[in-house]
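Following this message is one structure expressed as structure tokens.
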Amino acid sequence: MFKLSMVVSVQEAVFESIALKGRLEDCIKKAHTMGYEGVELSFPNPWKVDIEHLKRILADYDLEVPALSTGLSYLHYKWSLTSLDSSLRTKAVEALGKYIELAELLNALVVIGLIRGESREIPRDKALSMLEQGLKECCRVAESRGVTLVLEPLNRYETRLINRIEEALEMVHRVSSDNLKLLVDTFHMNIEEPIIEDSLRSAGGLIAHVHVADSNRLAPGMGHLNFKSILSVLKDIGYKNYLSAEILPIPDPDTAARATIEYLRRIMASL
Ligand code: LER
Ligand code: MN
């Protein structure tokens with residue numbers, strides 16, 4: 001019904017909600033052994049990826065890469081599509097170009113999360129226009145390489161720019177490219193959406209990727225979200241791609257990763 005993946009971090013990483021971190025090979029082997037079909041890769045510097053080495057290890061363990069996460073570029077280097085510093089904006093577009101190049105080789109999506117910026121120092125309207133321009137530029141590259149970008153609504157404590165699915169849909173319409181779709185994250189939706197199920201239905205076929213974590217960002221099943229209801233709506237609207245776990249490594253990375261796959265498999269079997 002849905003394929004399962006785990007977000008793994010394969011370079012230095014300051015983002016804490018990633019259960020598996022460390023040597024690429026160890027993370028990939030562990031995800032495979034636990035039964036995951038994919039690993040979503042999160043890294044700050046797309047120029048430092050050895051793609052041939054990566055593809056070899058992925059093939060050895062028969063794992064797909066549903067998406068490349070780009071938020072660490074913002075957290076480590078401040079590269080942002082809405083920065084007032086034009087050199088940081090240019091760098092964000094260049095980095096996204098490189099992520100897109102890697103994504104083409106891996107058949108992956110490219111996540112537009114925190115790399116859009118937080119918009120704390122500029123009016124939101126201006127930031128939205130800058131974001132629209134930046135996304136249009138990136139979409140041209142994505143279109144030429146047949147890659148899809150996915151815009152992720154993030155909760156208000158991380159950015160002022162696009163917190164709800166409704167706002168993300170507006171931006172997708174403004175940019176108007178077939179290569180820009182949505183990534184929805186159950187943790188952020190729990191904070192921002194009035195009724196998660198209604199918001200999912202409003203996005204419908206535009207949802208191309210899903211991050212799962214419980215209400216407290218622990219493994220699904222360790223908080224109070226109703227995953228049975230959420231997954232049954234995703235099934236209803238015809239979603240067939242990955243549920244990618246972006247969770248805190250609590251009580252420890254292996255327990256969290258194992259609990260996620262066991263719980264989600266149980267829910268899927270009941271739908
Ligand atoms: C990234 O996918 C995400 O959900 C954010 O919370 C990262 O800051
Ligand atoms: Mn997320």
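Residues take their numbers from the sequence shown, with the count starting at 1. In this text, all values refer to a predicted model and were calculated from it rather than measured experimentally. Both counts, for ligands and for their atoms, begin at 1 and track the order of listing. All values below come from the heavy atoms of this structure, side chains included, with hydrogens, waters and symmetry mates left out.
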Using a 4.0 Å cutoff against the non-hydrogen atoms of Asp185, which atoms of ligand 1 qualify?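 Counting from 1, the qualifying ligand atoms are 4 (O).
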
Looking at His211, pick out the N, O or S atom nearest to the Mn ion (ligand 2) and give its name.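 Among the N, O or S atoms of His211, the one closest to the Mn ion (ligand 2) is ND1.
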
Minimum-distance pair of heavy atoms, taken over all atoms of Leu81 and Cys138: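 In terms of heavy atoms, the two residues are closest at CD2-SG, 4.4 Å.
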
In terms of heavy-atom contacts, does CG of Asp26 have more than 12 from other residues, nucleotides or ligands at under 6.0 Å?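 Above 12, so yes.
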
For Gly223, is there any backbone N or O sitting under 3.5 Å from a side-chain donor or acceptor partner on Asp214?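 It does hold such a pair.
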
Which atom, counting only N, O or S, brings Glu152 closest to the Mn ion (ligand 2)?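 Within Glu152, restricted to N, O or S, the Mn ion (ligand 2) is closest to atom OE2.
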
For ring-ring contact (aromatic ring centres under 6.0 Å, His included), just list the numbers for Tyr36 and Tyr61, CA-CA rounded to whole Å, side-chain angles, deciding distance to a tenth of an Å, and then say yes or no. CA-CA 10 Å; Tyr36 286 96; Tyr61 293 101; over 10 Å; no

Before accepting this row, confirm whether a basic side-chain N of the pair Glu132/Arg174 lies closer than 4.0 Å to the acidic partner's carboxylate O.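 A salt bridge is present here (some side-chain N lies under 4.0 Å from a carboxylate O).
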
Output the list of atoms in ligand 1 that are nearer than 4.0 Å to some heavy atom of His211, sorted by atom number.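 Atoms satisfying the 4.0 Å criterion: 2 (O).
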
Checking Tyr242 against Glu37: is there a side-chain donor and acceptor pair closer than 3.5 Å?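 Not at all, the side chains of Glu37 and Tyr242 share no donor-acceptor pair under 3.5 Å.
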
Show the atoms of ligand 1 that are less than 4.0 angstrom away from any heavy atom in Leu154.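 Going through ligand 1 atom by atom, the ones under 4.0 Å from Leu154 are 3 (C), 4 (O), 5 (C).
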
Distance filter under 4.0 Å to Glu246 heavy atoms, resulting ligand 1 atoms: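 In order of number, 1 (C), 2 (O), 3 (C), 4 (O).
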
May I ask you to list the atoms of ligand 1 that are less than 4.0 angstrom from any heavy atom of Leu114?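 Contacts of ligand 1 toward Leu114, numbered from 1: 8 (O).
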
Any nitrogen or oxygen of Ser69, side chain or backbone, less than 3.5 Å from one on ligand 1?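 Such a contact does not occur with ligand 1.
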
Please work out whether the ring planes of Tyr263 and Phe227 are parallel, tilted or perpendicular, with thresholds of 30° and 60°.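 Aromatic pair Tyr263/Phe227 classed perpendicular.
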
What atom name does the N, O or S atom of Asp185 nearest to the Mn ion (ligand 2) carry?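 Atom name of the closest N, O or S in Asp185: OD2.
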
Under 4.0 angstrom from ligand 1, any heavy atom of His209?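 No, that is not the case, since the closest heavy atom of the residue is not under 4.0 Å from the ligand.
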
Among the N/O/S atoms of Glu246, select the one at the shortest distance from the Mn ion (ligand 2) and name it.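 Sorting the N, O and S atoms of Glu246 by distance to the Mn ion (ligand 2) puts OE1 first.
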
Check Arg217 with Asp185, please: is the shortest side-chain N to carboxylate O separation under 4.0 Å?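 Result for this pair is yes, salt bridge flagged.
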
